[in-house]
A.B. asks: 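There's a structure below that I have some questions on.
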Amino acid sequence: MNLILLGPPGAGKGTQAKILEEQYGLKQLSTGDMLRAAIAAGTETGLKAKAIMDKGDLVSDDVIVGIVSERLDKPDVAKGVVFDGFPRTPAQAEALDKMLAGRGSKLDAVIEMRADDEALVGRIAGRFTCKTCGKSYHDKFQPTKKPGVCDNCGGTEFVRRADDNEKTVRDRLQVYNRQTAPLVSYYAKAGKLSVVDGMAEIGAVTASIAKVLNGVAKG
Ligand code: ADP
Ligand code: AMP
């Protein structure tokens, strides 16, 4: 099964994608994580992407489609993919349809996670992630169970993203509304769209997503 979690920064895509990996054996494909890995590795793509990401703008469709296409050729995506933060433009959505069709596969569902802008700013401001496994936490809404230790992998190092500050978040929300929100009607027209309330508690959001996926599995 291949699905897209579509939603603004802070909607909870990464949080739910990690849960879906565990529950359904799917692979999370986060283009943001891939770009941050490229920056950390000092690759040419990473160097070019960094300045764009720091401003909250979008990296070019060509670069993004290139890294996703390479990733889809790896064997670990065979059971299916949770796309997180991709596609972000109509051109990327069209490219994804082609990439999947070219691999004898297709998109099964698109889940739009809706949340209020002010709540999103608060979520992003308190976000930190495990340096080892990438699990997202929040100072207030989702702290680690044991202070300073990742619930998932026991890691003790955490990172806060350079672009997770209020100014950049507001810019990223505008970019989302302008460039990515049109995908809602793209996928509604294709009959693939379901909407969940991203403002609910994490467990309630997981349950809403499970309901959608059960419906998809039954056809
Ligand atoms: P995204 O991947 O969509 O940018 P994340 O999954 O990283 O968002 O979540 C952003 C922040 O909000 C994280 O700190 C996360 O712990 C927290 N969070 C995620 N889902 C919820 C929720 N339903 N309620 C409250 N906080 C949440
Ligand atoms: P994210 O981790 O999804 O919040 O993405 C962080 C940043 O990476 C974004 O603000 C963009 O600059 C860049 N980025 C991630 N995914 C994409 C994408 N699909 N298209 C363009 N830029 C992206």
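We count ligands from 1, going down the list as the structure has it; atoms in each ligand are counted the same way.
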A.B. asks: Just verifying a value: how many Å separate Leu26 CG and Phe83 CZ, rounded to the nearest 0.5 Å?
C.D. replies: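 Between Leu26 CG and Phe83 CZ, I get 10.5 Å after rounding to 0.5 Å.
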A.B. asks: Could you check Arg172 against Asp164 for salt bridge (Lys or Arg N to Asp or Glu O under 4.0 Å), going step by step and ending with a plain yes or no?
C.D. replies: CA-CA 10 Å; Arg172 282 154 63 200; Asp164 277 357; 3.1 Å; yes
A.B. asks: Under 4.0 Å from a heavy atom of Arg36: give me the atoms of ligand 2 that qualify, with their elements.
C.D. replies: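 Listed by number with element, the hits are 2 (O), 6 (C).
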A.B. asks: Ignoring hydrogens, just give me the one of Ala125, Ala200, Gly12 whose non-hydrogen atom is nearest atom 23 (N) of ligand 1.
C.D. replies: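 Among Ala125, Ala200, Gly12, the closest heavy atom to atom 23 (N) of ligand 1 belongs to Ala200.
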A.B. asks: What residue and atom, counting heavy atoms only, is the protein's closest point to atom 12 (O) of ligand 2, and at what distance?
C.D. replies: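 The protein heavy atom lying closest is Asp57 O, 2.5 Å.
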A.B. asks: Going by distance only, is there an N or O of Gln16 that falls short of 3.5 Å from an N or O of ligand 1?
C.D. replies: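 It does not: no N or O of Gln16 is found under 3.5 Å from an N or O of ligand 1.
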A.B. asks: I need the contact type for Ile64 against ligand 2. Using non-hydrogen atoms and a strict under-4.0 Å cut-off, is it side chain, backbone, both or neither?
C.D. replies: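 Side chain only.
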A.B. asks: Considering heavy atoms of the protein only, find what lies nearest to atom 13 (C) of ligand 2 and give residue, atom and distance to 0.1 Å.
C.D. replies: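 Of every protein heavy atom, Leu35 CD1, 3.6 Å lies nearest to atom 13 (C) of ligand 2.
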A.B. asks: Out of all atoms in ligand 1, which are within 4.0 Å of some heavy atom of Thr15? Include the element for each.
C.D. replies: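 Selected atoms, number and element: 5 (P), 6 (O), 9 (O), 15 (C), 19 (C).
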A.B. asks: When you measure from atom 20 (N) of ligand 1 to every protein heavy atom, which one gives the shortest distance, and what is it?
C.D. replies: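 Minimum-distance protein heavy atom for atom 20 (N) of ligand 1 reads Ile202 CG1, 3.6 Å.
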A.B. asks: Any side-chain donor-acceptor pair under 3.5 Å between Ser69 and Arg103?
C.D. replies: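 There is such a pair between these side chains.
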A.B. asks: Check whether any side-chain N or O of Gln16 sits under 3.5 Å from a backbone N or O of Gly12 as a donor-acceptor pair, and report yes or no.
C.D. replies: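 No; judged by distance alone, with no hydrogens or angles, the pair does not exist.
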A.B. asks: State whether the shortest distance between N or O atoms of Ile124 and N or O atoms of ligand 1 falls below 3.5 angstrom.
C.D. replies: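 No; the residue has no nitrogen or oxygen that sits under 3.5 Å from a nitrogen or oxygen of the ligand.
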A.B. asks: Please report the interatomic distance CG(Leu193) to CG(Leu6), rounded to the nearest 0.5 Å.
C.D. replies: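 So the gap between those two atoms works out to 7.5 Å.
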A.B. asks: Just verifying a value: how many Å separate Leu100 CG and Lys106 NZ, rounded to the nearest 0.5 Å?
C.D. replies: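 That separation rounds to 10.0 Å.
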A.B. asks: Report the nearest protein non-hydrogen atom to atom 4 (O) of ligand 2: residue, atom name, distance rounded to 0.1 Å.
C.D. replies: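 The closest heavy atom on the protein side is Arg161 NH2, 2.9 Å.
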A.B. asks: So how far is it from Asp163 CG to Ile52 CD1, rounded to the nearest 0.5 Å?
C.D. replies: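 Taking CG in Asp163 and CD1 in Ile52, the distance rounds to 12.5 Å.
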A.B. asks: Taking 4.0 angstrom as the limit, do Lys18 and Asp84 come out as a salt bridge?
C.D. replies: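 No.
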A.B. asks: Starting from atom 16 (N) of ligand 2, which protein heavy atom do you reach first, and at what distance in Å?
C.D. replies: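 Looking only at protein heavy atoms, the one closest to atom 16 (N) of ligand 2 is Thr31 OG1, 2.8 Å.
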A.B. asks: Return yes if some donor-acceptor pair links the side-chain N/O of Asn2 with the main-chain N/O of Val81 below 3.5 Å, else return no.
C.D. replies: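 Flag set: sc Asn2 to bb Val81 pair under 3.5 Å.
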A.B. asks: Any carboxylate oxygen within less than 4.0 angstrom of a Lys/Arg side-chain nitrogen, looking at Arg71 and Asp76?
C.D. replies: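 Answer for the salt bridge query: yes.
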A.B. asks: Got an N/O contact under 3.5 Å between Ser30 and ligand 2?
C.D. replies: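 Min N/O separation from ligand 2 is not below 3.5 Å for Ser30.
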A.B. asks: Using a strict 4.0 Å cut-off to heavy atoms of Gln92, name the atoms of ligand 2 that fall inside it.
C.D. replies: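 Once the distances to Gln92 are compared, the set is 18 (C), 19 (N), 20 (N), 21 (C).
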A.B. asks: Check if Lys55 has a non-hydrogen atom at a distance under 4.0 Å from any atom of ligand 2.
C.D. replies: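 No, that is not the case, since the closest heavy atom of the residue is not under 4.0 Å from the ligand.
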A.B. asks: At less than 4.0 angstrom from any non-hydrogen atom of Gly85, what atoms of ligand 2 do you find?
C.D. replies: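 Near Gly85, the atoms of ligand 2 are 16 (N), 17 (C), 18 (C), 19 (N).
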A.B. asks: Quick one: nearest non-hydrogen protein atom to atom 13 (C) of ligand 1, plus distance?
C.D. replies: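 Protein heavy atom at minimum distance: Tyr137 O, 3.6 Å.
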A.B. asks: Would you say the side chain of Glu166 lies within less than 4.5 Å of the side chain of Val121, judging by non-hydrogen atoms?
C.D. replies: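 In short, these two side chains touch, coming nearer than 4.5 Å.
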A.B. asks: So, Glu94 and Lys98, do they make that salt bridge, N to O below 4.0 Å?
C.D. replies: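 No, Glu94 and Lys98 are not salt-bridged.
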A.B. asks: What residue and atom, counting heavy atoms only, is the protein's closest point to atom 7 (O) of ligand 1, and at what distance?
C.D. replies: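 Protein heavy atom at minimum distance: Arg127 NH1, 2.7 Å.
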A.B. asks: For Lys13 and Gly85, indicate whether the former's side chain and the latter's backbone hold a donor-acceptor pair under 3.5 Å.
C.D. replies: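 Here the side-chain-to-backbone pair does not exist.
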A.B. asks: Using heavy-atom distances only, which candidate in Arg123, Met199, Glu201 approaches atom 24 (N) of ligand 1 most closely?
C.D. replies: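 Ranked by closest heavy atom to atom 24 (N) of ligand 1, first place is Arg123.
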A.B. asks: Whether Asp117 and Arg170 form a salt bridge (side-chain N of Lys/Arg under 4.0 Å from carboxylate O of Asp/Glu) is what I want to check.
C.D. replies: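 Here Arg170 does not pair with Asp117 in a salt bridge, since their nearest N and O are not under 4.0 Å apart.
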A.B. asks: Any nitrogen or oxygen of Phe128 lying under 3.5 Å from a nitrogen or oxygen in ligand 1? Just yes or no.
C.D. replies: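 No; every N/O pair is 3.5 Å or more apart.
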A.B. asks: In the protein, which heavy atom is nearest to atom 9 (C) of ligand 2, and how far is it?
C.D. replies: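 For atom 9 (C) of ligand 2, the nearest protein heavy atom comes out as Arg88 NH2, 3.7 Å.
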A.B. asks: Check whether Arg123 reaches the backbone of Ala11 with its side chain - one donor and one acceptor, N or O, closer than 3.5 Å.
C.D. replies: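 The answer is yes, because a donor-acceptor pair under 3.5 Å joins these two groups.
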A.B. asks: Counting only nitrogen or oxygen atoms and a 3.5 angstrom limit, does Asp33 reach ligand 2?
C.D. replies: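 It does not: no N or O of Asp33 is found under 3.5 Å from an N or O of ligand 2.
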A.B. asks: Decide whether an N or O pair under 3.5 Å exists between Val59 and ligand 2.
C.D. replies: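 It does: an N or O of Val59 is found under 3.5 Å from an N or O of ligand 2.
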A.B. asks: For ligand 1, which atoms, with element, lie under 4.0 Å from some heavy atom of Gln142?
C.D. replies: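 Going through ligand 1 atom by atom, the ones under 4.0 Å from Gln142 are 16 (O).
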A.B. asks: Between Phe128 and Tyr137, how do the two ring planes meet: parallel, tilted or perpendicular, split at 30° and 60°?
C.D. replies: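 Taking Tyr137 first and then Phe128, their aromatic rings lie parallel (interplane angle under 30°).
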A.B. asks: Is the contact between Lys13 and ligand 2 made by the side chain, the backbone, both, or neither, using heavy atoms and a 4.0 Å cut-off?
C.D. replies: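 For Lys13, no heavy atom sits under 4.0 Å from ligand 2.
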A.B. asks: Closer than 4.0 Å to some heavy atom of Arg172 - which atoms of ligand 2 meet that?
C.D. replies: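 Those of ligand 2 that fall under 4.0 Å from Arg172 are 4 (O).
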A.B. asks: Can you tell me if Asp116 uses its side chain to pair, donor with acceptor, with the backbone of Ala119 under 3.5 Å?
C.D. replies: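 It does not hold such a pair.
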A.B. asks: Just jot down the ligand 1 atoms closer than 4.0 angstrom to any heavy atom of Gly14, in number order.
C.D. replies: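 Near Gly14, meaning under 4.0 Å from one of its heavy atoms, ligand 1 has 1 (P), 2 (O), 6 (O).
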A.B. asks: Nearest protein heavy-atom contact for atom 8 (O) of ligand 2: which residue, which atom, what distance?
C.D. replies: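 Answer, as residue, atom name and distance: Met53 CE, 3.4 Å.
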A.B. asks: Would you mind running through ligand 1 and noting each atom that sits below 4.0 Å from a heavy atom of Phe141?
C.D. replies: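 This gives 25 (C), 26 (N) as the contact atoms.
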A.B. asks: Looking at ligand 1, is there an atom of it that comes within less than 4.0 Å of some heavy atom belonging to Ala11?
C.D. replies: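 Right, Ala11 reaches ligand 1.
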A.B. asks: Run the numbers for me: atoms of ligand 1, each under 4.0 Å from some heavy atom of His138, listed by number.
C.D. replies: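 Atoms satisfying the 4.0 Å criterion: 14 (O), 16 (O).
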A.B. asks: For a quick test of reading the model, state the closest non-hydrogen atom pair linking Ser208 to Val196 and the distance between them.
C.D. replies: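 Smallest heavy-atom distance, with atoms named: CB-CG1, 3.7 Å.
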A.B. asks: Give yes or no for whether the N/O distance cutoff of 3.5 Å, strictly under, is met between Asp84 and ligand 1.
C.D. replies: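 N/O-N/O distance under 3.5 Å: no.
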